[in-house]
There are 2 protein chains.
Amino acid sequence: MNSEFIIAVHSLVLLAHRPDGMASSEEIASNVCTNPVRVRKVMSCLRKNGFVDTREGSGGGYRLSQEPNEVTLADIYRALTAGSLAPSWCSGNPESDCLVGSNMGEVMDAVFCGADQQLELYFESITIGQMLSRLTAKAKA
Amino acid sequence: MNSEFIIAVHSLVLLAHRPDGMASSEEIASNVCTNPVRVRKVMSCLRKNGFVDTREGSGGGYRLSQEPNEVTLADIYRALTAGSLAPSWCSGNPESDCLVGSNMGEVMDAVFCGADQQLELYFESITIGQMLSRLTAKAKA
DNA sequence: TACTACTGTAATAATATCAGTTACAGTTAA
DNA sequence: TTAACTGTAACTGATATTATTACAGTAGTA
């Protein structure tokens, strides 16, 4: 799993938590514990997918452009991590004259594709708003 | 996802496909397209978990010790890959005085733990025997 | 017994991936 | 015009992954 997914989710939750709904890459980076450039790269992608609005220039930053309860982790997953389950490493060799060796690559791909869908289904059930609720619940405990 | 999982599945399917149910690390490695040492390491783990029997010495190798239709990918996943979904990278910082930054690590862990279970559930539905069926189906097509 | 063909495992090297940093152009508010 | 931002590219360093080498232990067989 890509850690950019984590950064994206964390960033959106942080924006949802802010009273004014805004934060700069530096503020986000310090909260997430990474560097601003990495945050900007992720946010840039989120902007292209319509999850946030960007304001460049002084006093700028990022702002949620959707309701926290309408954005699911699956949306984020699809936007920047989908298909990452299967390792780049590939088993077997299509040229092989063995039934197993020659077809395992494709069959394994199909297995991972299914796994990815399963994962997406799970992420579908969690929204940014819920993440925020879980955080406050945790903080109270 | 760990590529050892792929090697393990591929190896077991290959064993299931062999008429005599046996193969050496070198034979498996050539079929999988990797090197024998890697295969031996994975198989060693599968042996410790009761999936295969080993015979050392001349003429030795590996043999399935369970019915192909009774071994699921989830069994293999649990044995050598479970919990690999969450990236080692961790978001936030427990020392932070922000609600979000201080608790995100834990909440995210819980999310990934759930994702892992979901994945396991999916793998539960696929057996080594089914993998072999898929391969033969693919070969016919 | 000696030889050959295996497994088991550690250590190392080569390579690929990931994360952090620096640099700088473009944008906007004051 | 300056200061505070985003957007990107390029580079560096760290970490993880895969392959290789080496060798001890085991078992079948001549």
Side-chain angles (χ1 to χ4, degrees), chain A residues 1-8 10-11 15 18 20-49 51-65 80-81 83-93, chain B residues 1-8 10-11 15 18 20-49 51-65 80-81 83-93:
Chain A
M1 171 81 47
N2 205 326
S3 65
E4 292 188 357
F5 173 76
I6 295 183
I7 295 176
H10 189 143
S11 303
L15 290 179
R18 285 290 177 96
D20 61 351
M22 277 208 72
S24 70
S25 63
E26 195 150 349
E27 291 171 307
I28 297 174
S30 123
N31 198 276
V32 167
C33 275
T34 185
N35 58 342
V37 176
R38 203 143 132 72
V39 170
R40 292 206 287 269
K41 206 152 62 178
V42 171
M43 296 310 274
S44 177
C45 182
L46 290 181
R47 171 179 53 84
K48 282 167 189 160
N49 284 275
F51 297 110
V52 297
D53 288 325
T54 278
R55 209 169 65 214
E56 295 188 15
S58 180
Y62 304 93
R63 161 175 283 143
L64 271 184
S65 60
L80 44 74
T81 323
S84 71
L85 250 189
S88 53
W89 197 87
C90 178
S91 188
N93 172 9
Chain B
M1 173 76 52
N2 203 326
S3 65
E4 292 188 355
F5 174 75
I6 296 184
I7 294 176
H10 189 143
S11 303
L15 290 179
R18 285 290 177 98
D20 59 351
M22 280 207 70
S24 70
S25 65
E26 194 150 350
E27 291 171 308
I28 296 172
S30 123
N31 197 276
V32 167
C33 273
T34 183
N35 57 344
V37 176
R38 203 143 133 72
V39 170
R40 292 205 287 267
K41 207 152 63 181
V42 171
M43 295 310 274
S44 177
C45 182
L46 291 182
R47 171 177 53 84
K48 283 167 189 160
N49 284 277
F51 297 113
V52 297
D53 288 324
T54 277
R55 209 167 68 212
E56 296 188 13
S58 179
Y62 304 93
R63 160 175 285 142
L64 270 185
S65 60
L80 43 74
T81 325
S84 70
L85 250 188
S88 53
W89 198 87
C90 179
S91 187
N93 171 9

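Just so we're on the same page: letters track the sequence lines, and every chain starts at 1.
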- [ ] Would you tell me if any nitrogen or oxygen in the side chain of B:Ser25 comes within less than 4.0 Å of OP1 or OP2 on C:dC6?
- [x]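 So the side-chain polar atoms of B:Ser25 never come under 4.0 Å of the phosphate oxygens OP1 or OP2 of C:dC6.
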- [ ] Please state whether the phosphate of C:dG20, meaning OP1 or OP2, lies under 4.0 angstrom from any side-chain nitrogen or oxygen of A:Thr34.
- [x]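 Checking A:Thr34 against C:dG20: at least one side-chain N or O falls below 4.0 Å of OP1 or OP2.
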Distance check needed: [N] [atom2] versus [X] [atom1], whole Å only.
X	N	atom1	atom2	answer
A:Lys48	D:dG7	NZ	C1'	8 Å
A:Met22	C:dA29	CE	P	11 Å
B:Lys41	D:dA16	NZ	P	15 Å
A:Glu4	C:dA19	CD	C1'	10 Å
A:Met43	D:dG7	CE	P	9 Å
B:Ile28	C:dT7	CD1	C1'	11 Å

Evaluate the side-chain proximity of [Y] to [X]: yes if any heavy-atom separation is below 4.5 Å, no if none is.
X	Y	answer
A:Met43	A:Ser11	yes
B:Leu85	A:Leu85	yes
A:Ile28	A:Ile7	no
A:Trp89	B:Thr34	yes
B:Val42	B:His10	no
A:Arg38	A:Glu4	yes

- [ ] Could you pull out all residues at least two apart from A:Ser84 that satisfy side chain to side chain donor-acceptor pair (under 3.5 Å)?
- [x]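 Scan of A:Ser84 (side chain to side chain donor-acceptor pair (under 3.5 Å), adjacent residues dropped) gives none.
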Task: From A:Glu26 atom CD to A:Arg40 atom CZ, the distance as rounded to the nearest 0.5 Å - done: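 It is 8.5 Å, given to the nearest 0.5 Å.
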Task: Rounded distance [0.5 Å steps], CG in A:Asn2 versus OG1 in A:Thr81 - done: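 Rounded to the nearest 0.5 Å, the CG-OG1 separation comes out at 5.0 Å.
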Task: Base versus backbone protein contacts along nucleotides 21-30 of chain D [heavy-atom cut-off under 4.0 Å; B, S, -] - done: BB--BBBS--
Open item on the list: Generate the contact string for nucleotides 13-18 of chain C. Rules: B means base contact, S means sugar-phosphate contact only, - means no protein heavy atom under 4.0 Å.
Closed with: ------
Task: Closest nucleotide among C:dT9, C:dT7, D:dG7 to the B:Thr54 side chain - done: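 Of C:dT9, C:dT7, D:dG7, C:dT7 is nearest to the side chain of B:Thr54.
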Task: Most 5' of B:Glu26 and B:Pro87 on DNA chain C, judged by nearest nucleotide - done: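 Checking each residue's closest nucleotide, the 5'-ward one belongs to B:Glu26.
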